[in-house]
2 protein chains.
Amino acid sequence: MNKVFKALADPTRRRVLELLRQRPMTAGELSDQFAVSRPTMSAHFAVLREAELIDAHKQGVTITYRLKLSVLEDALLGFSSIFGIGVPDTGPAPTMSTVPAKERAP
Amino acid sequence: MNKVFKALADPTRRRVLELLRQRPMTAGELSDQFAVSRPTMSAHFAVLREAELIDAHKQGVTITYRLKLSVLEDALLGFSSIFGIGVPDTGPAPTMSTVPAKERAP
DNA sequence: TCCATATTTAGCTAATTATCGAAATATGGT
DNA sequence: ACCATATTTCGATAATTAGCTAAATATGGA
């Protein structure tokens with residue numbers, strides 16, 4: 001949870017997630033959208049991967065990154081629900097530590 | 001928007017917001033909940049205020065901080081909507097005025 | 001095997017951040 | 001006027017972060 005919010009604190013990383021929302025993209029494709037060097041982008045990818053907001057798979061020499069929407073969703077909904085944001089106020093107020101990972105349909 | 005996410009990146013600040021969800025509290029009251037010095041807490045308050053996530057008003061020698069829920073709400077819902085993360089809109093979203101600081105006598 | 005390509009790792013610097021103790025400021029009470 | 005209290009500001013430091021270039025790694029093709 002903390003790693004997710006840390007990852008979201010940087011606008012470049014938020015934009016990466018936004019791009020990946022449309023479709024999985026390679027590291028190079030993503031890097032082309034930003035005015036920073038590839039090593040810098042690589043570091044951003046590492047932060048997002050560490051937070052499990054994206055995952056990577058290698059096909060030959062390229063690496064394709066994909067958004068793990070469920071992780072983002074869990075963090076945002078979990079945090080929002082603490083404040084009663086966006087959800088009807090049913091039951092006791094959850095805290096950050098008691099908010100369980102949301103069950104996802106298979 | 002960026003300032004809000006930067007503010008949310010720190011767990012102490014997230015916890016402050018969570019405490020303020022229940023009721024407005026003074027700087028001292030809030031500081032007592034954490035194992036860091038008062039100057040450090042004061043700096044956290046400044047970051048939250050800069051992001052407009054809280055506001056302050058002074059009564060005598062004490063300063064009471066209050067959550068500005070609508071700002072948090074706008075940021076979270078705004079960002080979530082980019083990803084189509086469904087916050088089921090059942091009825092009006094809660095605002096500051098619907099989450100009173102203190103329960104009034106019926 | 002050698003070369004080009006995609007990406008990461010290494011090593012560095014500059015900027016930002018979290019933290020502290022000490023001092024300053026503001027207020028209310030005696 | 002003086003003192004105690006609540007809080008912030010100041011000044012310093014250590015840790016983290018974002019950024020760079022150069023070098024390393026891995027893969028596929030000629």
Side-chain angles (χ1 to χ4, degrees), chain A residues 1-20 22-68 72 75 96, chain B residues 1-20 22-68 75 79 101:
Chain A
M1 168 68 120
N2 191 38
K3 279 181 181 175
V4 170
F5 276 100
K6 283 259 205 279
L8 293 180
D10 185 277
T12 295
R13 289 193 292 263
R14 288 200 302 277
R15 180 78 184 128
V16 167
L17 296 179
E18 203 175 318
L19 289 169
L20 289 179
Q22 301 162 38
R23 60 185 167 83
M25 292 175 78
T26 67
E29 260 181 311
L30 287 166
S31 296
D32 286 344
Q33 309 290 318
F34 299 88
V36 299
S37 71
R38 268 140 208 264
T40 296
M41 290 304 297
S42 184
H44 283 309
F45 300 150
V47 171
L48 290 169
R49 220 171 34 215
E50 185 64 26
E52 296 193 274
L53 285 166
I54 63 177
D55 60 12
H57 55 290
K58 199 167 187 172
Q59 303 145 351
V61 78
T62 72
I63 297 179
T64 298
Y65 286 110
R66 184 174 40 180
L67 177 64
K68 290 174 77 174
L72 182 60
M96 247 180 297
Chain B
M1 169 71 135
N2 192 38
K3 279 181 181 174
V4 170
F5 275 101
K6 284 258 203 278
L8 293 179
D10 184 276
T12 295
R13 289 194 290 262
R14 287 199 303 276
R15 180 78 184 127
V16 166
L17 295 179
E18 200 176 321
L19 289 169
L20 290 180
Q22 301 162 38
R23 59 184 168 83
M25 293 175 76
T26 67
E29 262 182 309
L30 287 166
S31 294
D32 287 345
Q33 309 289 320
F34 299 89
V36 299
S37 72
R38 268 140 207 266
T40 296
M41 289 304 297
S42 183
H44 283 309
F45 300 149
V47 171
L48 290 169
R49 221 172 33 216
E50 186 63 26
E52 294 192 276
L53 285 165
I54 63 177
D55 60 14
H57 55 289
K58 199 167 187 174
Q59 304 145 353
V61 79
T62 72
I63 296 177
T64 298
Y65 286 110
R66 183 176 41 179
L67 177 64
K68 289 174 77 172
F79 185 68

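Reminder, nothing fancy here: chain letters follow the sequence lines and each chain counts from 1.
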Assign [X] to base, sugar-phosphate, or nothing according to its heavy-atom contacts below 4.0 angstrom with the strands shown.
X	result
B:Ser42	base
A:Thr26	sugar-phosphate
A:Tyr65	sugar-phosphate

Inset, instruction - Please state whether the phosphate of C:dT19, meaning OP1 or OP2, lies under 4.0 angstrom from any side-chain nitrogen or oxygen of B:Ser37. - result: no

Legend entry - Nearest non-hydrogen partners of A:Tyr65 and A:Leu20, listed with the distance: O-CD2, 3.4 Å

Legend entry - Shortest non-hydrogen separation from B:Ala75 to B:Met1 and the atoms involved: O-CE, 4.2 Å

Inset, instruction - Check each of A:Arg15, A:Gln22, A:Arg14 against A:Glu18 using the side chain to side chain donor-acceptor pair (under 3.5 Å) test, and report the only one that passes. - result: A:Arg15

Could you state the [atom1]-[atom2] distance from [X] to [N], rounded to the nearest angstrom?
X	N	atom1	atom2	value
B:Phe34	C:dA18	CZ	C1'	14 Å
A:Ile54	C:dT7	CD1	C1'	13 Å
B:Phe45	C:dT17	CZ	P	18 Å
A:Arg38	C:dT8	CZ	C1'	12 Å

Inset, instruction - For A:Arg49 and for A:Lys6, locate the closest nucleotide of DNA chain C by heavy-atom distance; then report the residue assigned to the nucleotide nearer the 5' terminus. - result: A:Arg49

Legend entry - CE-CG distance between B:Met25 and B:Leu19, expressed to the nearest 0.5 angstrom: 5.5 Å

Legend entry - For A:Ser37, all residues meeting side-chain hydrogen bond (donor to acceptor under 3.5 Å, both in side chains), sequence neighbours excluded: A:Thr40

Legend entry - Interface limits on DNA chain D, where chain B has a heavy atom under 4.0 Å of a nucleotide atom: D:dT5 to D:dT9

Inset, instruction - Could you tell me whether B:Asp32 and B:Arg38 make a salt bridge, using a distance below 4.0 angstrom between a side-chain N and a carboxylate O? - result: yes

Inset, instruction - Using a strict 4.0 Å threshold on nitrogen-to-oxygen distance, state whether A:Arg23 and A:Glu29 make a salt bridge. - result: yes

Inset, instruction - Please tell me which of A:Thr12 and A:Gly60 maps to the more 5' nucleotide of DNA chain D, matching each residue to the nucleotide holding its nearest heavy atom. - result: A:Thr12

Inset, instruction - On DNA chain D, check which nucleotide each of A:His44 and B:Thr40 is closest to and give me the residue with the more 5' one. - result: B:Thr40

